[in-house]
Amino acid sequence: MKQRIQDKFKELFGQGGHLYASAGRINLIGEHTDYNGGYVFPGAIDKQLMAQIAPNGTDKVRAFSLDYNEMCEFGLNEEDKPAKAWACYIFGVCRETLKRGGKVEGFDTVFAGDVPLGAGLSSSAALESCFAYAIDTINGNGFDRFELAKIGQSTEHNYCGVNCGIMDQFASCFGKAGCLIRLNCKTLEYKYFPFDPEKAGYRLVLVDSCVKHELASSAYNKRRASCENAAAAIRKNHPEVEFLSDAKRLWLEEVREEIPEEDFLRAEYVIGEVQRVLDVCDALERNDYETAGEMMYQTHFGLSRLYEVSCEELDFLNKLARKMDVTGSRVMGGGFGGCTINLIKKELYDDFVKAATEQFTAKFGHAPKIYDVVISDGARMVE
C-alpha cells in the first residue's frame with residue numbers, strides 16, 4: 001500500500017511530502033456507551049489509513065483516493081464543501097481545524113486504506129485521525145491528541161451527518177501497540193491496560209458478516225434519542241445524572257412507567273454495559289480471559305435483545321461461537337451488520353474459522369470474511 005501511494009503521488013504531484021497513518025479500531029467491550037458518558041475499551045489495530053501529504057502553496061486541497069480511483073479538489077471555505085462523500089471527511093477536518101484557530105494551508109494528497117469498509121472497524125475515524133494529525137504537524141498548530149480526536153468527531157457531526165461519540169477517533173489518535181484503553185467518555189480520563197491474548201493462549205479474530213451497516217441512518221440517532229430521553233426522566237428524581245451512565249439500575253426502574261418501553265430497554269442495556277467494561281478490566285488485570293469472554297456474550301445479548309442493533313447473520317455467528325466453546329463473542333461496532341469480535345483459544349481457532357465459513361455460507365449464500373487483528377499504534381508519521 002505504501003509503495004502504491006508513493007507511486008501515484010509522484011505521478012500526480014511529483015516529489016515531496018511525508019507519509020502519515022492512523023488505524024482502525026476494535027472495541028473489546030463497551031458499545032453505545034460513549035455518547036452516554038460511559039466507559040469504552042478500544043484499541044487501535046493493524047489495519048490502517050495511510051496518506052502522503054505535501055503543501056502545495058495554494059488555498060486548495062487536491063486529494064486522490066486510490067481506493068475509489070477518484071480525484072477531488074476543493075477550497076477551504078464553508079461554501080467549498082465537496083460533493084464526494086469521501087472528500088467530505090478531509091474537508092471537515094480542515095474546517096474543524098480552522099474553527100479552532102488552527103492554520104490550514106492547501107495541500108496535495110494521495111491516500112488508501114486496508115481498514116475493511118462497513119465492518120465496524122471505523123475506517124472513517126482512521127481517515128479523520130490521519131488527516132487531523134498530518135494537518136496539525138504540517139502547519140505546526142500544536143493541538144494535543146484529545147483535540148485531534150475532537151476534530152474528527154466534529155467532522156462526523158457537522159459534515160458527515162453522524163452524531164457519534166468520541167471513542168472511534170480517540171482510539172485512532174491514542175492507540176498503542178499491545179494495549180487497550182479504558183476511556184471514561186464523560187471525563188475523558190483514560191488508562192492503558194496491557195492486552196496480549198497470544199501470550200495467554202488466545203487469538204482475537206473478527207468474522208465479517210459482509211452485511212453493510214449505515215451509521216448515518218435514523219436507527220442510530222433514534223437510539224441515542226431514547227437514551228437521552230431516559231436520562232432526562234431519571235434526572236427529575238436525581239439531578240446529579242448528567243448522562244445515562246451516571247444512573248443506577250434502580251433509578252431507571254423508578255421511571256419505567258413514565259417512558260416508552262423502547263426507551264427503557266435501551267437504557268437498561270447501557271447501564272449494564274457500563275458495569276461490564278469495568279468488570280472486564282478487572283478480569284484482565286487478573287489475566288482472567290474467561291470472565292472477559294463471558295462478559296462479551298452478555299453484551300451481545302443486550303445489543304441483540306435490548307438495544308436491537310444486531311441482525312440474523314450476527315446472531316447466527318454468536319450462537320455458533322457459543323456452541324463451539326469460543327471464549328467470548330459479540331457484535332462489534334454500531335451494529336446493523338458488520339463483524340463479530342471473538343476471543344478464542346488458539347487450539348480452537350482453525351475449527352471455528354472453518355465451521356463459521358462453511359455454515360454461514362450454507363445459510364446465507366455468501367462467505368464471511370475473517371480478519372485476525374493485532375493491537376497496534378494509532379496516528380503517526382510513517383517516515
Side-chain angles (χ1 to χ4, degrees), residues 1 23-29 31 41-50 67 112-126 168 171-172 175 177-178 180 195-213 215 289-290 292-293 296-297 299-300 303-304 309-376:
M1 183 168 68
R25 64 102 187 97
I26 58 97
N27 186 35
L28 190 68
I29 199 161
E31 216 67 79
F41 199 40
I45 60 172
D46 57 337
K47 308 286 188 289
Q48 62 185 344
L49 187 290
M50 186 178 292
D67 298 325
D114 60 4
V115 184
L117 300 177
L121 301 179
S122 297
S123 55
S124 59
D168 296 349
S172 289
L180 297 179
F195 181 70
D196 191 354
E198 285 274 338
K199 186 176 180 181
Y202 298 85
R203 292 178 70 171
L204 202 58
V205 61
L206 307 179
V207 182
D208 185 357
S209 69
C210 301
V211 176
K212 294 297 176 70
H213 64 196
L215 276 184
Y289 282 77
E290 296 298 313
M296 292 169 69
Y297 279 112
T299 291
H300 184 88
L303 287 168
S304 179
V309 294
S310 188
C311 61
E312 183 184 3
E313 292 88 348
L314 295 170
D315 287 344
F316 176 84
L317 290 169
N318 180 260
K319 289 174 183 174
L320 177 63
R322 178 71 92 173
K323 181 179 177 182
M324 297 193 69
D325 294 324
V326 171
T327 301
S329 177
R330 69 174 189 85
V331 53
M332 189 192 72
F336 314 109
C339 290
T340 60
I341 180 171
N342 302 273
L343 182 64
I344 182 168
K345 290 181 179 176
K346 289 180 182 179
E347 60 267 25
L348 299 177
Y349 174 87
D350 290 338
D351 287 344
F352 172 65
V353 168
K354 183 174 185 288
T357 301
E358 292 177 352
Q359 294 185 35
F360 188 93
T361 303
K363 183 170 179 62
F364 297 106
H366 68 272
K369 294 178 180 177
I370 308 297
Y371 305 115
D372 292 296
V373 293
V374 176
I375 305 303
S376 303

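Computed from a prediction, not measured in an experiment: that's the story for all the values here. Numbering starts at 1 and runs along the sequence shown. These numbers come from the heavy atoms of this one structure, side chains and all, not from hydrogens, waters or symmetry mates.
By the 4.5 Å heavy-atom criterion applied to side chains, T361 and P368 are counted as neighbours. Looking at heavy atoms from C-beta onward, R203 lies in side-chain contact with D372 at the 4.5 angstrom threshold. A heavy-atom distance below 4.5 Å is found between the side chains of N27 and R330. Looking at V211 and F364, their side chains never come closer than 4.5 Å, going by heavy atoms from C-beta outward. Residues I344 and T327 have side chains not in contact (no heavy-atom distance under 4.5 Å, counting atoms from C-beta outward). The side-chain heavy atoms of L343 and V326, taken from C-beta on, include no pair separated by under 4.5 Å. D114 places a side-chain heavy atom less than 4.5 Å from the side chain of Q48. Side-chain contact between I26 and L180 is present, with at least one heavy-atom pair separated by less than 4.5 Å.
Of the possible donor and acceptor atoms, none in the side chain of H366 sits under 3.5 Å from a partner among the backbone N and O of F360. Put simply, the side chain of D46 gets close to the backbone of V374: a donor and an acceptor are under 3.5 Å apart.
In this structure, the separation between NE2 on H300 and NZ on K319 is 8.0 Å, given to the nearest 0.5 Å. Atoms CG and CZ, from L28 and F195 in turn, are 5.0 Å apart once rounded to the nearest 0.5 Å. Within the model, atoms CG of L314 and OG of S304 stand 9.0 Å from one another, a figure rounded to the nearest 0.5 Å. Between L204 atom CG and N342 atom CG the span is 8.0 Å, to the nearest 0.5 Å.
Atom NZ of K369 sits in a sparse spot, with 12 or fewer heavy atoms from other residues, nucleotides or ligands closer than 6.0 Å.
Taking all atoms of both residues into account, the shortest heavy-atom contact from A355 to M324 is CB-SD, 3.4 Å. Between A171 and A44, the shortest heavy-atom contact is O-CB, 3.8 Å. Annotation for I341 and M296: closest pair O-CE, 3.6 Å, computed over non-hydrogen atoms. Residues A356 and L317 come closest through the heavy atom pair CB-CD2, 4.4 Å. Summarising the geometry of S329 relative to T340, their closest heavy-atom pair is OG-CB, 4.2 Å, with the distance given to 0.1 Å. Residues D208 and G338 share a closest heavy-atom pair of OD1-O, 3.6 Å.
Using a 30° and 60° split on the angle between ring planes, Y202 and Y289 fall in the parallel class, below 30°.
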**Report entry** Derivation of the salt bridge (Lys or Arg N to Asp or Glu O under 4.0 Å) call for K363 and E313
**Finding:** CA-CA 9 Å; K363 183 170 179 62; E313 292 88 348; over 6 Å; no
Query - Evaluation steps, side chain to side chain contact (heavy atoms under 4.5 Å, CB included), between N318 and Y297 - result: CA-CA 8 Å; N318 180 260; Y297 279 112; 3.7 Å; yes
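A side-chain N or O of S310 and one of D315 form a donor-acceptor pair less than 3.5 Å apart.
Just one of V373, V207, L206 meets the side-chain contact (heavy atoms from CB on, under 4.5 Å) condition when paired with C339; it is L206.
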